[in-house]
Amino acid sequence: MAPEENAGTELLLQSFERRFLAARTLRSFPWQVGGGASGEARGARGSPGADGTGLRAEAPGAPATNRSGHWDTAALAHSKKSAPSGPQSLEAKLRDSSDSELLRDILHKTVKHPVCVKHPPSVKYARCFLSELIKKHEAVHTEPLDELYEALAETLMAKESTQGHRSYLLPSGGSVTLSESTAIISYGTTGLVTWDAALYLAEWAIENPAVFTNRTVLELGSGAGLTGLAICKMCRPRAYIFSDCHSRVLEQLRGNVLLNGLSLEADITAKLDSPRVTVAQLDWDVATVHQLSAFQPDVVIAADVLYCPEAIMSLVGVLRRLAACREHQRAPEVYVAFTVRNPETCQLFTTELGRAGIRWEVEPRHEQKLFPYEEHLEMAMLNLTL
């Protein structure tokens with residue numbers, strides 16, 4: 001195999017590995033762009049919308065500020081980079097692979113991956129994935145591959161569950177694994193699944209570890225816990241406080257902390273070189289200045305919490321109370337990442353920040369895309385000054 005073909009196949013396998021472990025949607029199957037190089041496998045610049053996502057930038061590469069305070073969809077369209085065209089189909093790659101070698105490699109990067117064997121995705125997801133892979137195989141090969149059908153048979157016999165695992169590979173060689181609800185909304189909340197801005201914020205944190213190293217971090221609306229677990233494993237914070245208000249979310253959070261080998265604060269067997277980890281119930285509408293001061297955060301973060309006007313008002317309210325903590329201690333640094341779904345919602349957030357006297361600027365896009373999330377989404381992250 002020519003070097004460029006071998007490299008393309010390796011990138012394709014990396015893409016399958018990352019997307020399957022994270023149980024990403026199958027609608028873009030096969031998972032490849034530009035001859036097999038997926039965005040997350042390349043680690044390329046140009047995560048969609050990461051360079052301001054519609055805010056007016058002052059200069060290329062510089063953070064946009066709130067001088068104008070407007071969300072500019074024209075600027076957003078100009079800033080987005082187009083994906084390479086002309087991907088080779090998976091069928092073509094399977095046809096070129098002798099004796100189903102590529103298919104076996106895909107199986108070992110997905111359903112037979114050590115992380116997946118230990119923490120499998122939902123049964124329904126694995127079943128759909130294998131069914132699609134069989135279709136691709138049968139389109140180009142007449143001889144059945146026993147390993148493929150055996151894997152499907154196992155999923156057909158497996159019991160369905162309302163929980164499944166999603167795993168994300170880290171640059172260190174480790175991973176973050178989450179037990180999540182298989183439904184977007186369950187128990188009356190959306191906090192039991194990982195949303196894309198959490199992945200985006202985790203990538204930024206991994207690229208900027210000094211923001212968190214030896215510091216106390218408070219996360220607002222932690223959800224399933226992806227961002228915090230990545231920071232705990234990669235950025236060496238002194239202490240990390242996961243917080244949410246929903247009892248079922250908090251229960252799942254505690255389980256995910258333990259699932260990833262971390263100990264909760266009350267555990268006397270906690271490793272000395274691990275951060276002090278707490279899972280706290282925190283209702284933004286009732287949290288007091290005294291309660292927030294007790295956390296003594298150096299850094300406050302939040303991801304994908306701007307989903308409706310009511311949530312925005314509650315978030316700004318708790319940020320104002322965090323600002324009031326300055327009488328007793330230094331105001332924390334604040335970073336809020338979100339998916340730009342509705343520019344009007346984003347505009348409301350920045351308007352309310354202005355009314356609260358909280359200054360903001362957009363963080364420039366980070367350099368690497370480590371995790372698989374939807375390519376068409378626009379992401380933004382604001383750095384707030386309380």
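Everything numeric here is computed off the predicted structure, so don't read it as measured data. When a residue number appears, it is its place in the shown sequence, counting from 1. Quick note: numbers below take in every heavy atom, side chains included, and nothing from hydrogens, waters or symmetry partners.
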Going by heavy atoms in the side chains, are V299 and T216 under 4.5 Å from each other? no

Show your reasoning for whether side chain to side chain contact (heavy atoms under 4.5 Å, CB included) applies to V334 and L386. CA-CA 8 Å; V334 182; L386 301 184; 3.7 Å; yes

Short question: side chain of S15, backbone of L11 - any donor-acceptor pair under 3.5 Å? no

Minimum side-chain heavy-atom gap P171-L370 below 4.5 Å: yes

Looking only at non-hydrogen atoms, find the nearest pair between V115 and S167 and report the distance. CG1-OG, 3.4 Å

Taking every non-hydrogen atom, the tightest pair across R321 and A287: NH1-O, 2.5 Å

Report the relative orientation of the aromatic rings in H119 and H165; use parallel for angles under 30°, tilted for 30 to 60°, perpendicular for over 60°. tilted

Counting N and O atoms only, with roles assigned by atom type, does the side chain of R276 sit under 3.5 Å from a partner on the main chain of Y240, one being a donor and the other an acceptor? no

Is L169 reachable from V176 through a run of I, L, V, M, F, W or Y residues, each pair having side-chain heavy atoms under 4.5 Å apart? no

Can you measure from CZ (F295) to CD1 (I241) and round to the nearest 0.5 angstrom? 6.0 Å

With a sphere of 6.0 Å drawn around NZ of K135, does it hold more than 12 non-hydrogen atoms of other residues, nucleotides or ligands? no

Sequence neighbours left out, what passes salt bridge (charged side-chain N to carboxylate O under 4.0 Å, His left out) with R254? Give chain and number order. none

S179 backbone acceptor or donor facing N256 side chain under 3.5 Å: yes

Do the side chains of P121 and C116 get nearer than 4.5 Å, heavy atoms only? yes

Can a salt bridge be assigned to the pair R104 and E101 using a cut-off of 4.0 Å between side-chain N and carboxylate O? no

Between Q291 and V286, is there a side-chain heavy-atom distance shorter than 4.5 Å? no

Under 3.5 Å: donor-acceptor pair, side chain of T227, backbone of A198: yes

Whether S161 side chain and Q163 backbone form a donor-acceptor pair below 3.5 Å: yes

Quick check: do R359 and L384 have side-chain heavy atoms less than 4.5 Å from each other? no

From L12 CG over to I106 CD1, what is the distance, rounded to the nearest 0.5 angstrom? 5.5 Å

Could you walk me through whether L21 and H113 pass side chain to side chain contact (heavy atoms under 4.5 Å, CB included), step by step? CA-CA 8 Å; L21 293 181; H113 193 289; 3.9 Å; yes

Cluster question for you: counting only ILVMFWY and a side-chain heavy-atom cut-off of under 4.5 Å, with indirect links fine, are L382 and L306 together? yes

Hey, are E378 and R341 close enough for a salt bridge, meaning a charged N less than 4.0 Å from a carboxylate O? no

d(R19 CZ, R24 CZ) to nearest 0.5 Å is 7.5 Å

Between C232 and P237, the two heavy atoms sitting closest are CA-CD, 3.9 Å

Spacing of CD belonging to E132 relative to CG belonging to L130, to within rounding of 0.5 Å: 11.0 Å

Starting from the C-alpha separation in whole Å, work towards a yes-or-no answer on side chain to side chain contact (heavy atoms under 4.5 Å, CB included) for T155 and F129. CA-CA 10 Å; T155 66; F129 173 85; over 6 Å; no

Hey, quick one: are L13 and F20 part of the same hydrophobic cluster, counting side-chain heavy atoms closer than 4.5 Å, chains of contacts allowed? yes

Classify the side-chain pair H366/E207 by whether it contains a donor and acceptor separated by less than 3.5 Å. no

4.5 Å side-chain heavy-atom contact, L156 and R127: yes

Which word best sums up how the rings of F338 and F349 line up, parallel for under 30°, tilted for 30 to 60°, or perpendicular for over 60°? perpendicular

Considering only heavy atoms from C-beta outward, does the side chain of L292 approach that of L282 to under 4.5 Å? yes

What is the minimum heavy-atom distance between D196 and D304, and which atoms define it? N-OD2, 3.6 Å

So, does E180 use its side chain to make a donor-acceptor pair with the main chain of T194 at under 3.5 Å? yes

Rounded to the nearest 0.5 Å, the CG atom of L322 sits from the CH2 atom of W284 at a distance of 11.0 Å

Are Y373 and F371 an aromatic pair, judged by ring center distance below 6.0 Å? no

Ignoring hydrogens and angles, tell me if any N or O in the side chain of D283 forms a donor-acceptor pair with the backbone of C245 under 3.5 Å. no

Determine yes or no for a side-chain-to-main-chain donor-acceptor pair under 3.5 angstrom, with N260 supplying the side chain and L262 the backbone. no

Any residue meeting side chain to side chain donor-acceptor pair (under 3.5 Å) with E333, in chain and number order, not counting sequence neighbours: R215, Y335

Single-linkage hydrophobic cluster, 4.5 Å side-chain cutoff, L348 and V336 together: yes

V305 to L220 - nearest heavy-atom pair and separation: CG1-O, 4.1 Å

Where the side chain of S222 meets the backbone of G225, is there a donor-acceptor pair that is under 3.5 Å apart? no

Taking atom CD of E160 as the centre, does the number of heavy atoms from other residues, nucleotides or ligands within less than 6.0 Å exceed 12? yes

Near R236 CZ, under 6.0 Å, is it more than 12 heavy atoms from other residues, nucleotides or ligands? no

Quick one, R238 with D298, criterion side chain to side chain contact (heavy atoms under 4.5 Å, CB included). Give me CA distance, side-chain angles, the key distance, then yes/no. CA-CA 10 Å; R238 178 174 62 251; D298 301 304; 3.1 Å; yes

Where A22 and Y168 come nearest, the two heavy atoms and their spacing: CB-CE2, 3.5 Å

Kindly compute the distance separating OG (S314) from CG (D285), expressed to the nearest 0.5 Å. 3.5 Å

State whether the side chain of E219 and the backbone N or O of F242 hold a donor-acceptor pair below 3.5 Å, judged by distance alone. no

Indicate if L107 and V123 have the same hydrophobic cluster label, given that clusters are the connected sets of ILVMFWY residues with side-chain heavy-atom separations under 4.5 angstrom. no

Taking the side chain as everything from C-beta on, heavy atoms only, tell me whether E352 gets closer than 4.5 Å to M313. yes

